[in-house]
Amino acid sequence: MIISNDSGFNAAHNEATKHLRVLVVDDKAFVRTMTGRVLQSAGIEHIAYASDGKEAIAHIRHAEPRVDLVLCDLMMPDMDGVEVVRHVAELEHKPVFVFISGANVSLLGTAVDMARARGLHVLGAIEKPISVDAIRGVLVKLNDVASSTKIAAPQFAFTTQDLAEALEKEQFILHYQPKIRLRTRAIEGFESLIRWIHPQHGLIPPGQFISLAEESDIIKPLTDRVLLLALKQCADWKRAGFFTKISVNVSAHLLVDLSMPDRVLREAIAHGVDPKQIVLEITETGVFRDAADTLDILARLHMKGFSLSIDDFGTGYSSMEQLRRVPFAELKIDRAFVNGASQNMKSRAILQSSAALGKSLGISVVAEGAETVEDWDLLTELGVDVGQGFYAARPMPGEDVLTWSRKWQQQVS
Ligand code: C2E
Ligand code: MG
Ligand code: MG
């Protein structure tokens, strides 16, 4: 059994579902009818139908109340799903999309990526014939989108001054997400993930401010703060008898500061934390901006006992080159290859070869973003060492970690 903060499909979802406005777009009448029935049995009351792309766009543009969710076929004779997305992306109101298709999985994946690149929120793709379970899966995800938009919508235009002020007022906190050893189900450690408690806008996720911090010098004091919070947390847990590892995300932009390894070690020692407990996750895209200084810093962090992890593996430009040159102890496969991998041959192949690569290099392979039991089981089957994802648990506040861990360990034993 799995412990998760995610309550799944519950009464609150049902209540929200009732008010959803859903549009089903498919050229075939029987598919529309069948899909409508499945939506009704999942508790959806407001369903509209369109038999081609033009009708769909007109409906999305004019419907009041607005359409929340579009289930859209890909292959349609006059205007296909790809064209529908192109037009909807230009509208002011953009509903959430799910593709429905009998098309091959590879094409579905391309369509999902294309729509996301156009700025649409795409929950994924479901294959025909559509089942109630698949629709419920969509509704659970939709509920997550709705609650995260309630917390931090819409994208705010922050300035570096806002970030500097937030730092000064100590408005940044960390949430922690467990990393689980797949074979034994033991807790491997926790990744620390920054959140901004904004006095007006509530909880702001890192996607809305980290790149701004990286473009300015704020990323340096911000990372120092994150490290400090993580070390304090690690020391607190240790005092409570809980000994674990913490992963900290380090922006590659910081790997130009030659004093960084000494500073990090000093801080760790000051908090009584062994460097072996700290994993530094480095996003691979920028690692080699200044090759000499970067390698200097990474080599010295390694020598001081910190573990280095190559984060978002597979999405950068020179991952292989970096694996060859840097003493990484961990390879962290990007969630783009993990999420839905059990349904996608290409993701599966990429996962399998990444796992094999890690194995032959003698480093630990972590996969992040496993949301379903199918993806989780696939990781185990393919020989991935460690899993991280909503399936085990969502990121949680530090004060919840001990209780969560106790429950997890009870379940395992
Ligand atoms: P990341 O380091 O790749 O972190 C993993 C992200 O995946 C987290 O998003 C986590 O909540 C999300 N995630 C984990 N499991 C699942 C899952 O099963 N499904 C889905 N859909 N998502 C999952 P989060 O917390 O929004 O962080 C996003 C990114 O922001 C991080 O990606 C990291 O690059 C950056 N970030 C977070 N904290 C820090 C920080 O302290 N410093 C720096 N420099 N960057 C940070
Ligand atoms: Mg990370
Ligand atoms: Mg990542």
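Read the numbers this way: they start at 1 and go in the same order the structure lists the ligands and their atoms.
Contact detail for Val386 and Ser364: the closest heavy-atom pair is CG2-OG, 4.2 Å.
Close contacts between ligand 1 and Asp311 involve ligand atoms 1 (P), 2 (O), 3 (O) [criterion: under 4.0 Å to a heavy atom]. Annotation for ligand 1: atoms under 4.0 Å from non-hydrogen atoms of Glu368 are 3 (O), 5 (C). Within the listing of ligand 1, atoms 18 (O) sit less than 4.0 angstrom from a heavy atom of Ala370.
Taking the N/O/S atoms of Asp311 in turn, the shortest distance to the Mg ion (ligand 2) belongs to OD2. In terms of distance to the Mg ion (ligand 2), the nearest N, O or S atom of Glu191 is named OE2.
Here Lys220 does not pair with Asp217 in a salt bridge; the nearest charged N to carboxylate O distance is not below 4.0 Å. Salt bridge Glu267/Arg263: absent, no basic N to carboxylate O contact under 4.0 Å. Salt bridge annotation for Glu191-Lys179: absent, with no cationic side-chain nitrogen under 4.0 angstrom from a carboxylate oxygen. Remark: Asp262 engages Lys304 in a salt bridge, criterion side-chain N to carboxylate O under 4.0 Å. Glu381 has a carboxylate O that lies under 4.0 Å from a charged side-chain N of Arg348, or vice versa, which qualifies the two as a salt bridge.
In this structure a side-chain-to-backbone donor-acceptor pair under 3.5 Å is missing from Asp377 to Glu374. Listed for the Asp26 side chain is no donor-acceptor partner under 3.5 Å among the backbone atoms of Asp73. Proximity of a side-chain donor or acceptor of Asp274 to a complementary backbone N or O of Gln277 within less than 3.5 Å is not detected.
Vertex the Mg ion (ligand 2); arms to Asn249 OD1 and Glu281 OE1; angle rounded to 10 degrees, 100°.
Taking 4.0 Å as the cut-off, Glu214 does not count as a neighbour of ligand 1 on heavy-atom distance. Under a 4.0 angstrom heavy-atom cut-off, Arg195 registers as being in contact with ligand 1. Residue contact check for ligand 1: Gly369 places a non-hydrogen atom closer than 4.0 Å to it.
Residue Arg335 touches ligand 1 through its side chain alone, judged by heavy-atom distances below 4.0 Å. At a heavy-atom distance under 4.0 Å, only side-chain atoms of Glu191, from C-beta outward, approach ligand 1. Counting heavy atoms closer than 4.0 Å to ligand 1, residue Val226 contributes side-chain atoms (C-beta onward) but none from N, CA, C or O. Contact annotation: for Leu174 versus ligand 1, there are no heavy atoms closer than 4.0 Å.
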Using the ring-ring contact (aromatic ring centres under 6.0 Å, His included) rule, take Trp237 and Phe190 through it: C-alpha gap first, then chi angles, then the decisive distance, then the call. CA-CA 12 Å; Trp237 286 339; Phe190 290 82; 5.6 Å; yes
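Tested against Ser405, the residues Ile187, Thr244, Asp400 include a single side-chain contact (heavy atoms from CB on, under 4.5 Å) partner, Ile187.
Here's the thing with Asp312: one of its N/O atoms is less than 3.5 angstrom from an N/O atom of ligand 1. Considering backbone and side-chain N/O of Ile219, none are found under 3.5 Å from N/O of ligand 1. By the 3.5 Å distance cut-off applied to N or O atoms, Gln177 is counted among the residues near ligand 1.
For atom 34 (O) of ligand 1, the candidate residues are Asn249, Ile194, Asp334; the nearest heavy-atom contact is made by Asn249.
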